[in-house]
Each structure stands twice: as C-alpha cells, then as structure tokens.
Amino acid sequence: MAEKITLVDGVLHVPDEPVIPFIEGDGTGRDIWKASVRVMDAAAAKHGKKIAWKEVLAGQKAFDETGNWLPEETVEGFRDHLIGIKGPLTTPIGGGIRSLNVALRQLLDLYVCLRPVRYFKGVPSPVKSPEKVDMVIFRENTEDVYAGMEVEEGTPEALQLIGYLKEAFGWDIRIDSGIGIKPISRTGSKRLIRAALNYAVENKRSSVNMVHKGNIQKFTEGAFMNWGYDLVREEFSDVAVGWDDCGGKPGSKILVKDSIADITLQQVLTRPDEFDVIATMNLNGDYLSDALAAQIGGIGIAPGGNINYVTGHGVFEATHGTAPKYADLDKVNPGSVILSGVMMFEHLGWKAAAADIITAMEQTISEKIVTYDFARLMDGATEVKCSEFATAIIDRL
C-alpha cells in the first residue's frame with residue numbers, strides 16, 4: 001500500500017511503496033522520463049520495493065494546462081511528500097519567474113545542490129585520465145548572485161541605489177550600471193559546509209575543499225572560507241581538522257582545506273585525484289560542476305539533487321536543458337535522470353537498488369551500447385534510442 005515518506009527526529013522513514021511526485025520535464029524530458037522511470041521501477045522491484053509515482057506539473061506543460069508555469073499545487077506536492085524528482089524545464093522568457101529550477105530551490109529552501117561527479121568506464125572523455133575524477137560537489141543553492149537581487153540600468157531604482165551608495169559609502173559607480181547584490185551569510189555558509197562535512201564523515205571521504213574567491217571578495221567569499229574553518233573547530237574537531245591547524249597532515253581525520261576558484265578550475269583538470277568533497281557557493285559551484293561533468297562525458301550523464309537536510313526535503317533532477325530540437329525523437333541520453341534516480345535511491349536508503357543501476361549502466365556503456373551523443377565519439381559503438389538504452393540497462397540489472 002502506498003504511503004508518504006515522513007521525517008521523524010531528523011530521520012527519513014521510507015515505506016516499501018513510497019509516494020514520490022515527479023515532473024517529466026519539457027522538450028526531451030518527455031523521452032528521458034519514460035526511459036528513466038522504467039529503469040528505476042525495475043531496480044526497485046528487484047529488491048521488493050515499488051514507487052507510487054504522482055505527477056505534478058511545472059514548465060511548459062503546466063503553463064499549457066493551467067496558465068501557470070509553477071502551480072502552487074506542485075510546490076505543495078513536493079513540500080508534502082518530502083522527496084521528488086524532475087526532468088529539465090523550460091525557463092519562461094519574459095515571464096515573472098527568473099528560473100523554475102531556482103524558484104523551486106528557493107521556495108523549498110533546498111540549500112544544498114549536490115552534484116556527484118564520477119567516471120563510467122568506456123565513456124568518451126576529452127581528458128587523459130578521467131578515471132581519476134571522483135568528486136562530490138556541495139553547492140550553496142539559495143544565496144550569492146543567484147538570489148536575484150538586481151536592479152536594471154537606467155531605472156529609478158538603479159539611480160536611487162547608485163546615489164545612496166555614493167552618499168553612504170563614497171562608492172563611485174557608473175551612472176549607466178545595472179547593479180546586483182551578492183549576499184553570503186554565516187548561516188547559509190555554515191549549514192552548507194556542515195552538510196559537506198557530514199557527508200564526508202558518513203561516506204569515509206578523505207578531504208573537504210572549500211572553493212572561493214576570497215582573495216578578492218574578502219567579506220563574502222573570504223568569509224565563507226573563514227566560517228568553514230570555524231565550523232570545523234566548533235563542531236567537527238573530533239573527526240576533521242583544518243589545513244593550518246595540522247600543517248596538511250591530518251592523521252586519521254578528514255583534511256579541510258581551501259582553494260581559489262580560478263586555480264581550482266585548472267587543478268581539477270591537472271590534479272583531479274587531489275579533490276574529494278567540494279563545498280562552494282552558488283556561482284562557483286555552477287561553473288565547477290559543469291566543467292567537471294565535461295571531464296567524465298558531459299552534462300548528459302550528470303545527475304543532481306537539491307536537498308534540505310534539516311526539513312528532509314529533496315528534489316532530484318536532470319542537470320541539462322530541454323534540447324527542444326530533439327524532443328519526442330526518442331534519441332537523447334537519459335543518463336542524467338537515471339543517475340539522479342540513483343541519488344534519490346541512495347538518499348532513501350535503497351542503496352542496493354542504486355548500486356545495481358550503476359553496475360548495469362556501466363556494463364551497458366562498456367559494451368558500447370550507447371545513445372548518439374556517445375556513439376559518435378566511440379569506435380565500434382552500437383547506437384541505440386533513448387528507450388533502447390533503458391532496456392539494455394534493465395536487461396543487465
């Protein structure tokens with residue numbers, strides 16, 4: 001019998017048949033959802049589990065049916081059922097919502113964008129040693145320039161703000177400037193870094209690296225780094241230690257270190273095995289997660305999750321766009337949603353089912369049974385449709 005997932009004393013209680021809301025997504029989302037849900041259902045069934053899927057609407061489909069890009073019923077569906085999954089969504093052009101994905105994250109306070117990045121054997125990659133890439137990115141999801149606090153150039157609001165900043169702080173800003181505000185809070189920074197540290201402890205990871213641009217933005221990104229080191233000393237001193245407090249020799253503890261964002265983008269290419277868990281702010285995390293995805297085969301197989309570890313809410317999602325020119329052609333790679341389903345299963349505690357999908361997907365790719373995006377880069381590949389790729393994975397479960 002289908003039941004809701006609940007949170008009791010900070011722990012998710014997951015029935016054998018949980019109700020999980022889903023958004024199929026726009027454009028290619030329709031194809032990849034149909035393929036992905038078959039894989040998730042097959043893996044769950046193998047372990048005596050079943051999912052009662054509950055469709056909720058967002059994006060183009062929601063607008064066509066309700067006149068609203070993000071109906072309140074959808075937000076309430078995710079809020080009420082705690083855990084959900086979604087495909088890619090169209091961002092309305094000229095509409096009131098800057099981004100449907102960002103809106104969902106902010107409305108549900110999903111402060112962690114979790115992006116594991118690992119290599120699957122056989123996937124074509126532009127780098128020499130993609131197998132060295134095994135990182136988990138914790139990207140802060142609610143602050144930074146993505147908070148959307150902007151005023152447009154030439155508006156009365158912009159002129160008023162420019163005048164105020166000149167009068168109050170002596171800041172000379174060109175009169176024809178648009179202005180954005182970049183909030184980075186102690187609260188937001190610490191809860192993000194706390195989640196990264198807890199993950200590192202629970203998964204026996206060796207290090208947590210705080211990526212920032214604090215050499216220039218000292219009171220926002222520099223503060224993020226300082227608050228992180230404070231947190232290690234205040235709450236994690238028994239299991240973790242900062243670089244300066246141990247000279248880079250943590251012993252049996254998790255090493256917490258930091259690096260400047262621009263050099264990090266170079267070092268994840270040249271020394272990827274030196275990075276493990278990464279904690280960073282919104283904009284840095286956006287750049288970094290996509291750059292890392294390129295190293296292991298592209299954003300088409302990059303999963304993501306948006307999580308609030310305090311309230312128990314989580315929405316797992318495809319990290320790529322809608323690619324409307326390929327919509328309804330049964331062509332694109334469903335890997336991003338399938339692997340987001342793996343993340344969701346792991347989050348639910350269905351670790352055996354998650355591991356089975358990983359093994360089956362890896363075997364399928366190693367046998368060179370792939371969709372067009374990989375087939376065109378692999379010698380001797382068998383190109384299959386989106387649905388056929390899902391079938392191949394199910395056959396190997």
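Heavy-atom basis, side chains included; hydrogens, waters and symmetry copies ignored.
For Asn284 and Glu221, the side-chain atoms include at least one donor-acceptor pair closer than 3.5 Å. There is a side-chain donor-acceptor pair under 3.5 Å between Ser259 and Asn209. When only modelled atom types and interatomic distance are considered, Thr311 and Arg79 share no side-chain donor-acceptor pair under 3.5 Å. Using modelled atom types and a 3.5 Å distance limit, the side chains of Thr319 and Glu317 yield no donor-acceptor pair. No hydrogens or angles considered: a donor-acceptor pair under 3.5 Å links the side chains of Tyr229 and Asp258. Between the side chains of Ser207 and Asp276, no donor-acceptor pair of N or O atoms lies under 3.5 Å. For the residue pair Asn306/Asn141, the side-chain donor-acceptor check at 3.5 Å is satisfied. There is no side-chain donor-acceptor pair under 3.5 Å between Asn333 and His320. Inspection of the Thr371 and Asp373 side chains reveals an N or O donor paired with an N or O acceptor under 3.5 Å.
Cluster membership check: Leu231 shares its hydrophobic cluster with Val239, using side-chain heavy-atom separations under 4.5 Å among Ile, Leu, Val, Met, Phe, Trp and Tyr. Under a hydrophobic-cluster definition in which Ile, Leu, Val, Met, Phe, Trp and Tyr are linked whenever side-chain heavy atoms come within less than 4.5 Å, directly or via other members, Met344 and Ile394 are assigned to the same cluster. Taken together through direct or relayed side-chain contacts under 4.5 Å among Ile, Leu, Val, Met, Phe, Trp and Tyr, Phe169 and Leu159 form part of one hydrophobic cluster. Leu348 and Val112 fall within a single hydrophobic cluster, where Ile, Leu, Val, Met, Phe, Trp and Tyr are joined by side-chain heavy atoms under 4.5 Å apart, directly or via other members. When hydrophobic clusters are built by joining Ile, Leu, Val, Met, Phe, Trp and Tyr residues whose side-chain heavy atoms come closer than 4.5 Å, directly or via intermediates, Ile23 is grouped together with Trp69.
Proximity of Ile307 to Leu110: side-chain heavy atoms (C-beta onward) are nowhere separated by under 4.5 Å. By the 4.5 Å heavy-atom criterion applied to side chains, Leu82 and Lys4 are not counted as neighbours. Contact of the Tyr119 side chain with the Pro272 side chain is not registered, since no non-hydrogen atoms from C-beta on lie closer than 4.5 Å. You'll find the side chain of Val136 reaches within 4.5 Å of the side chain of Leu114, heavy atoms only. By the 4.5 Å heavy-atom criterion applied to side chains, Thr382 and Val370 are not counted as neighbours. Counting heavy atoms from C-beta on, the side chains of Pro334 and Phe389 come closer than 4.5 Å. You'll find the side chain of Leu7 stays beyond 4.5 Å of the side chain of Val11, heavy atoms only. Residues Arg205 and Asp134 form a side-chain contact, since some pair of their non-hydrogen atoms from C-beta on lies under 4.5 Å apart.
Classification of Lys49 and Asp16 as a salt-bridged pair holds, one side-chain N sitting under 4.0 Å from a carboxylate O. Checked for salt-bridge contact, Arg115 and Asp290 meet the test: a charged N lies under 4.0 Å from a carboxylate O. Using a cut-off of 4.0 Å between Lys/Arg side-chain N and Asp/Glu carboxylate O, Lys257 and Glu274 are scored as not salt-bridged. Salt-bridge formation is not detected for the pair Asp31/Lys331: no Lys NZ or Arg NE/NH1/NH2 atom is positioned less than 4.0 Å from an Asp or Glu carboxylate oxygen. The pair Lys121-Glu362 fails the salt-bridge criterion, with no side-chain N (NZ, NE, NH1 or NH2) lying under 4.0 Å from an Asp/Glu carboxylate O. Between Asp109 and Arg191 there is a salt bridge, with a side-chain nitrogen of the basic residue lying less than 4.0 Å from a carboxylate oxygen of the acidic one.
With Phe120 as the aromatic partner, Arg118 meets the cation-pi criteria of under 6.0 angstrom to the ring centre and within 45 degrees of the ring axis. Figure legend: Arg139 and Tyr146 shown as a cation-pi pair, the cationic atom lying under 6.0 angstrom from the six-membered ring centre and within 45 degrees of its axis.
Although no hydrogens or angles enter the test, the distance criterion places no donor-acceptor pair under 3.5 Å between the side chain of Thr142 and the main chain of Gln106. Between the side chain of Ser125 and the backbone N or O of Val127, at least one donor-acceptor pair lies under 3.5 Å. Remark: side-chain polar atoms of Asn308 are paired, donor with acceptor, to backbone N or O of Val310 under 3.5 angstrom. Side-chain N or O atoms of Ser36 include none that pairs as donor or acceptor with a backbone N or O of Trp33 at under 3.5 Å. At distances below 3.5 Å, not a single donor-acceptor pair connects side-chain atoms of Glu150 with backbone N or O atoms of Gly178. With Thr74 contributing its side chain and Leu70 its backbone, the two residues share no donor-acceptor pair below 3.5 Å. Within the 3.5 Å criterion, the main-chain N or O of Tyr199 finds a donor-acceptor partner in the side chain of Asn203. Not a single donor-acceptor pair under 3.5 Å links the side chain of Thr155 to the backbone N or O of Val151. For the pair Ser336 (side chain) and Ile301 (backbone), a donor-acceptor distance under 3.5 Å is absent. Remark: side-chain polar atoms of His81 are not paired, donor with acceptor, to backbone N or O of Ile83 under 3.5 angstrom.
Shown here is Trp53, whose CH2 atom has more than 12 heavy atoms of other residues, nucleotides or ligands within 6.0 Å. Within a 6.0 Å radius of CG in Asp379, no more than 12 heavy atoms belonging to other residues, nucleotides or ligands are found. Around atom CD of Glu76, more than 12 heavy atoms belonging to other residues, nucleotides or ligands sit under 6.0 Å away. Shown here is Glu167, whose CD atom has no more than 12 heavy atoms of other residues, nucleotides or ligands within 6.0 Å.
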Under the side-chain contact (heavy atoms from CB on, under 4.5 Å) rule, what do Glu140 and Ser189 come out as? Steps first, then yes or no, please. CA-CA 7 Å; Glu140 204 289 320; Ser189 299; over 6 Å; no
Tell me, with the steps shown, if Tyr326 and Tyr372 meet ring-ring contact (aromatic ring centres under 6.0 Å, His included). CA-CA 11 Å; Tyr326 293 120; Tyr372 84 100; 5.4 Å; yes
Take Glu73 and Val56, measure what side-chain contact (heavy atoms from CB on, under 4.5 Å) needs, and give me the verdict at the end. CA-CA 8 Å; Glu73 293 85 352; Val56 293; over 6 Å; no
Checking Ile254 against Val201 for the side-chain contact (heavy atoms from CB on, under 4.5 Å) test, could you report, in this order, the C-alpha distance in whole Å, the side-chain angles of both residues, the deciding distance, and whether it holds? CA-CA 8 Å; Ile254 295 166; Val201 171; 3.6 Å; yes
side-chain hydrogen bond (donor to acceptor under 3.5 Å, both in side chains) between Asp330 and Ser387, intermediate numbers included: CA-CA 6 Å; Asp330 194 18; Ser387 58; 2.7 Å; yes
Evaluation steps, side-chain contact (heavy atoms from CB on, under 4.5 Å), between Asp356 and Trp350: CA-CA 10 Å; Asp356 282 350; Trp350 293 5; over 6 Å; no
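Taking CG of Asp144 as the reference point, atom CE of Met281 lies at 6.5 Å (rounded to 0.5 Å). The line from OG of Ser185 to CZ of Phe224 is 10.5 Å long, rounded to the nearest 0.5 Å. Interatomic distance, OG1 of Thr6 versus CG of Leu12, reported as 8.0 Å (0.5 Å rounding). To the nearest 0.5 Å, atom OG of residue Ser366 and atom CZ of residue Arg396 are 8.5 Å apart.
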Exercise answer: donor-acceptor pairs, residues 57-65 side-chain atoms, under 3.5 Å, sequence neighbours excluded:
residue : atom : partner : partner atom : Å
Gln60   : NE2  : Asp64   : OD1          : 3.0
Lys61   : NZ   : Glu24   : OE2          : 3.4
Lys61   : NZ   : Glu55   : OE2          : 2.8

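Here the closest heavy-atom approach between residue Ile137 and residue Ser289 is recorded as CD1-CA, 3.5 Å.
For Lys253, there are no salt bridge (charged side-chain N to carboxylate O under 4.0 Å, His left out) partners at least two apart in sequence or on another chain.
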